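A quick note: this is a predicted structure, and the numbers were derived from the prediction, not measured. Naming convention: chains lettered A, B, ... in sequence-line order (proteins, then strands); numbering from 1 in each chain.
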Amino acid sequence: MVGLPRNTEVADQFDLLADLMELEGADTFRVIAYRRAATRMRETSGSIAQLALDGKAKELSGIGKTIEEKIVQIVEKGEIEALTKKKAGVPPEVVLFMRLPGLGPKTAARIWRELDVTTLDELKAAAEGQRLRGLTGLGAKSEEKILKALAFQAQNVDAGDRRLLGEGLPAVQAVVATLRDHPAAVAVSEAGSVRRRKETFRDLDIIATASDPAELTTYFTQLKWVVDVAAHGDTKATVVSNDGLRFDLRVVPPESFGNLLQHFTGSKDHNVAMREDAVRRGLSISEYGVTTVETGEVFQSADEDAVYEFLGYQPVPPELRENAGELEAARRGELPALVELGDVRGDLHTHTHWSADGKNTLEEMVQAAAERGYEYYAITDHSHYLREGRLHAQLEEIERVRERFPKLRILSGVEANIRASGEVDVADEDLALLDWVVASVHQAPDNRPTERVLEAMQNPYVDCIGHLTGRRIGKRPPRDVDVERVIEAALASGTFLEINGQPDRLDLRDVHARAAKEAGLKLVLTSDGHQLRAQSYVELAVAQARRGWLTKDDVLNTRTWKQVEKLRKKRP
DNA sequence: GCCGTTTTCGGCCCGACTGTTTTCAGTCG
């Protein structure tokens with residue numbers, strides 16, 4: 001495994017190759033094929049490089065013989081040969097032209113070739129010097145747009161263009177609720193990537209029907225937290241909130257609400273695959289309806305499920321709409337019944353003020369857990385803060401709190417640290433006193449990320465590995481853990497893996513959760529909450545689990561504590 | 001470059017918007 005390029009690195013090369021070919025005016029379908037293959041690689045849980053070396057990459061849809069060979073080139077030579085060649089012919093910054101909104105490959109190539117503009121600085125100068133309007137098809141407005149895009153890009157260079165689901169989900173749910181209360185509103189729904197519970201988003205989409213669309217749209221632009229109205233028409237508006245979130249509202253006709261909701265929920269890949277399949281059956285899908293080509297008859301519905309059913313599919317839960325096999329499964333009627341928040345009986349990774357970064361007392365956290373209706377709740381403060389008798393002191397406090405909450409089973413636990421050696425930093429005799437043990441890697445760097453975890457799993461007291469890869473979305477990449485090996489070892493040792501619900505962790509990620517499920521491993525959904533309101537992060541863990549195709553049965557903590565005890569590894 | 005319950009060759013989603021055009025190409029989601 002060591003030394004093989006990551007899936008994201010391989011995928012990036014194919015995307016760059018696609019960009020360069022597009023600039024050269026290559027066949028669009030080849031370009032699309034490379035981009036599709038890149039997406040497939042990013043959404044594959046195993047090592048795509050290893051698959052290619054084994055001749056198995058071409059079993060993935062969208063990857064054929066040619067692309068598999070190019071992956072092998074990356075392993076052997078570090079780069080796709082065609083990419084090396086093409087990079088020599090195109091100034092590196094010309095690719096960046098295409099990233100500016102409104103500026104595509106055709107225009108970028110003409111600016112480069114016909115005006116000899118090769119850097120972003122030169123592009124700016126050319127627009128300011130009104131030289132772009134010399135090209136047919138470009139005018140004063142184009143120059144203005146490009147300058148605006150360049151300025152925006154310069155301003156937001158550090159901001160990152162995607163925000164966390166954990167921020168966007170409560171925000172969009174609040175706006176949906178507000179709009180529903182308006183007298184002109186008939187139906188209101190979240191849409192887009194946030195409805196699919198994708199871990200990050202660019203903007204928050206809302207779809208509605210209304211008795212008076214213009215009135216609802218205007219109301220939306222005048223909500224008190226709106227600081228900027230980027231667009232405002234009768235049926236569509238875009239606003240920016242005081243915390244920088246972009247909301248899009250579209251008001252659509254009620255008779256095709258289901259078709260439009262389906263369209264605007266995406267993903268693009270899901271919709272394209274569904275439309276391609278429809279074409280083969282003599283149907284044409286658009287956001288307004290499904291047309292039977294032969295008769296011209298159009299099917300519309302206010303109900304999204306009815307759209308899927310008309311097309312011969314089981315209704316597909318939004319979390320699965322990524323063109324990752326869900327359409328085939330829905331065609332056969334074999335979609336899984338996904339786990340729901342209400343199935344979760346207890347949280348097995350939480351903190352209190354015993355950890356320096358915990359914000360609430362043990363009793364406050366337990367009180368909130370009881371109010372959530374949990375049957376059990378594990379206190380797993382960081383081992384670092386439970387040294388020198390503090391572990392025993394906390395056990396005494398837990399004993400006292402138990403008396404006050406007789407209906408909630410309070411589990412004593414710890415989040416132990418996995419040392420570089422693979423040992424956990426709590427003695428066995430202390431671990432033996434506890435009901436539940438989470439073990440996690442905290443400090444980097446890490447030159448044997450996989451072995452370290454495998455060794456920790458051999459400890460008979462370690463029940464679950466916390467946030468396996470240690471990623472912090474947007475801040476820190478995942479450690480280079482061989483997740484497939486970890487899953488195998490987890491099954492062999494009787495250790496569980498968690499889906500950590502912290503908004504910037506969501507670790508395991510969706511495709512790894514799905515790989516774990518397919519291997520037969522049960523996962524634990526946890527909040528890793530360090531304060532009262534963070535207990536709700538379990539909702540994000542549930543969302544991630546659903547994106548990983550997990551059913552109630554695939555999740556350990558949908559079971560009673562008695563059942564959990566039966567399933568976990570035997571203690572000495 | 002990929003793919004196949006009409007196909008191993010000849011297709012490859014669909015519509016809106018924008019800016020520049022007198023009928024459309026490029027871009028976007």
Side-chain angles (χ1 to χ4, degrees), chain A residues 14-15 17-19 21-23 25-41 57-71 80 82 97-111 132-146 148-149 191-193 195-196 198 201-205 207 231 233 235-236 238 246 248 250 252 256 259-291 293-294 298 311-312 321 323 327-328 331-332:
Chain A
F14 281 94
D15 272 332
L17 181 59
D19 286 348
M21 290 182 46
E22 206 172 24
L23 280 167
D27 173 31
T28 321
F29 295 111
R30 280 179 70 198
V31 173
I32 289 171
Y34 285 137
R35 296 228 170 94
R36 270 191 188 175
T39 302
R40 178 64 59 234
M41 293 170 202
K58 53 183 174 301
E59 289 169 15
L60 298 168
S61 78
I63 297 180
K65 193 159 165 282
T66 309
I67 288 181
E68 180 169 278
E69 284 167 6
K70 286 177 158 56
I71 300 170
I80 304 169
F97 295 2
M98 290 164 54
R99 307 266 152 82
L100 299 170
L103 193 55
K106 297 270 173 25
T107 316
R110 291 186 58 212
I111 292 173
L132 298 182
R133 64 185 69 176
L135 300 174
T136 51
L138 292 185
K141 285 232 172 123
S142 309
E143 288 170 345
E144 210 175 292
K145 235 169 93 178
I146 286 171
K148 209 174 155 193
S193 68
R195 182 164 180 242
R196 303 198 312 278
K198 199 171 151 73
F201 64 90
R202 223 180 288 273
D203 45 30
L204 299 165
D205 294 309
I207 301 287
T235 60
K236 193 179 142 178
T238 301
R246 288 179 72 88
D248 264 344
R250 282 166 212 264
V252 304
S256 55
N259 304 76
L260 280 144
L261 180 59
Q262 196 286 321
H263 172 76
F264 285 113
T265 297
S267 68
K268 189 174 189 291
D269 289 338
H270 171 86
N271 287 351
V272 168
M274 199 164 81
R275 287 168 178 209
E276 283 175 351
D277 190 45
V279 168
R280 288 192 280 272
R281 290 159 198 271
L283 300 168
S284 172
I285 304 175
S286 84
E287 53 265 58
Y288 303 107
V290 183
T291 308
V293 177
E294 203 172 318
V298 179
L311 291 163
R321 300 182 194 173
N323 191 29
L327 287 170
E328 294 80 351
R331 176 73 72 198
R332 297 191 303 265

Base, sugar-phosphate alone, or nothing: which one does Asn271(A) contact when heavy atoms must sit under 4.0 Å apart?
nothing

Rounded to the nearest angstrom, tell me the gap between atom CZ in Arg36(A) and atom C1' in dG11(B).
12 Å

Between dT20(B) (C1') and Glu143(A) (CD): distance, integer Å:
13 Å

With a 4.0 Å cut-off on heavy atoms, is Val272(A) in touch with a base, just the backbone sugar-phosphate, or nothing at all?
base

Does dC2(B) have OP1 or OP2 under 4.0 Å away from a side-chain N or O of Thr66(A)?
yes

Could you state the atom-to-atom distance from CG of Leu311(A) to P of dC14(B) in whole Å?
12 Å

Looking at Arg275(A), I'd like to know if its CZ atom is crowded, meaning that more than 12 non-hydrogen atoms belonging to other residues, nucleotides or ligands lie closer than 6.0 Å.
yes

Is a side-chain donor or acceptor of Thr238(A) paired with a backbone partner of Asp248(A) at a separation under 3.5 angstrom?
no

Take the protein atom OH of Tyr288(A) and the nucleotide atom P of dC14(B), then report the distance between them rounded to whole Å.
15 Å

When we call it a touch if two heavy atoms are under 4.0 Å apart, what does Ala140(A) touch: a base, just sugar-phosphate, or nothing?
sugar-phosphate

For dT20(B), does either OP1 or OP2 sit under 4.0 Å from a side-chain N or O belonging to Ser142(A)?
yes

Glycosidic conformation of dT7(B), syn or anti, with 90° from 0 as the boundary?
syn

Could you go through nucleotides 25-29 of chain B and list every protein N or O atom that sits under 3.5 Å from one of its N or O atoms, giving the distance for each pair?
{"from": "dG26(B)", "atom 1": "O3'", "to": "Thr107(A)", "atom 2": "OG1", "distance (Å)": "3.3"}
{"from": "dT27(B)", "atom 1": "OP1", "to": "Gly104(A)", "atom 2": "N", "distance (Å)": "2.6"}
{"from": "dT27(B)", "atom 1": "OP1", "to": "Gly104(A)", "atom 2": "O", "distance (Å)": "2.9"}
{"from": "dT27(B)", "atom 1": "OP1", "to": "Pro105(A)", "atom 2": "N", "distance (Å)": "3.4"}
{"from": "dT27(B)", "atom 1": "OP1", "to": "Thr107(A)", "atom 2": "N", "distance (Å)": "3.2"}
{"from": "dT27(B)", "atom 1": "OP1", "to": "Thr107(A)", "atom 2": "OG1", "distance (Å)": "2.8"}
{"from": "dT27(B)", "atom 1": "OP2", "to": "Lys106(A)", "atom 2": "N", "distance (Å)": "3.3"}
{"from": "dT27(B)", "atom 1": "O5'", "to": "Gly104(A)", "atom 2": "N", "distance (Å)": "3.4"}
{"from": "dC28(B)", "atom 1": "OP1", "to": "Gly102(A)", "atom 2": "N", "distance (Å)": "2.7"}

Answer yes or no: is there a donor N or O on one side and an acceptor on the other, between the side chain of Arg40(A) and the main chain of Ser61(A), under 3.5 Å?
yes

Is the ring of Phe29(A) stacked on the base of dC2(B), with centres less than 5.5 Å apart and planes under 30° off?
no

Residue pair Gly266(A) / Asn271(A): nearest heavy atoms and the distance that separates them:
CA-ND2, 3.7 Å

Rounded to whole Å, NZ of Lys65(A) lies from C1' of dC2(B) at a distance of 13 Å

Can you figure out which of dG19(B), dG15(B), dG1(B) approaches the side chain of Ser286(A) most closely?
dG15(B)

May I ask you to say what Ser61(A) touches in the nucleic acid, namely base, sugar-phosphate or nothing, with a heavy-atom cut-off under 4.0 Å?
sugar-phosphate

If you find the nucleotide of DNA chain B closest to Val279(A) and the one closest to Leu138(A), which residue's nucleotide is nearer the 5' end?
Val279(A)

Are Glu69(A) and Lys65(A) ion-paired here, with the side-chain N under 4.0 Å from a carboxylate O?
yes

Look at Arg99(A) together with Asp19(A) and state whether they make a salt bridge at an N to O cut-off of under 4.0 Å.
yes

Please give the distance between the C1' atoms of dA16(B) and dC9(B) as a whole number of Å.
33 Å

Between dT5(B) and dG1(B), how far apart are the two P atoms, rounded to whole Å?
23 Å

Categorize Ser284(A) for me: base, sugar-phosphate, or nothing, with a 4.0 angstrom heavy-atom threshold over every strand shown.
sugar-phosphate

Across every strand shown, the nucleotide meeting Watson-Crick or G-U wobble geometry with dT8(B) (both distances under 3.5 Å) is none

Map Gly62(A) and Lys236(A) onto DNA chain B by nearest heavy atom, then report which one ends up closer to the 5' terminus.
Gly62(A)

Categorize Ile285(A) for me: base, sugar-phosphate, or nothing, with a 4.0 angstrom heavy-atom threshold over every strand shown.
sugar-phosphate

Is the shortest side-chain heavy-atom distance between Lys145(A) and Leu103(A) below 4.5 Å?
no

With rounding to the closest Å, how many angstrom separate the P atoms on dT20(B) and dG26(B)?
14 Å

Any Tyr34(A) side-chain N or O less than 4.0 Å from OP1/OP2 of dC2(B)
no

Any side-chain to backbone donor/acceptor pair from Arg110(A) onto Thr136(A)? Under 3.5 Å, distance only.
yes

Run the salt-bridge test on Glu22(A) and Arg35(A) with the 4.0 Å N-O cut-off and return the result as yes or no.
yes

Taking dC13(B) as the reference, what is the distance to dT23(B) when you measure between their P atoms (whole Å, please)?
29 Å

Roughly how far apart, to the nearest Å, are dC28(B) and dT22(B) at atom P?
23 Å

Measure from CE on Met274(A) to P on dG15(B) and round the result to the nearest Å.
14 Å

Atom CG of Asn259(A) to atom P of dA16(B): distance rounded to whole Å?
14 Å

To the nearest Å, give me how far apart CG (Leu283(A)) and P (dC14(B)) are.
10 Å

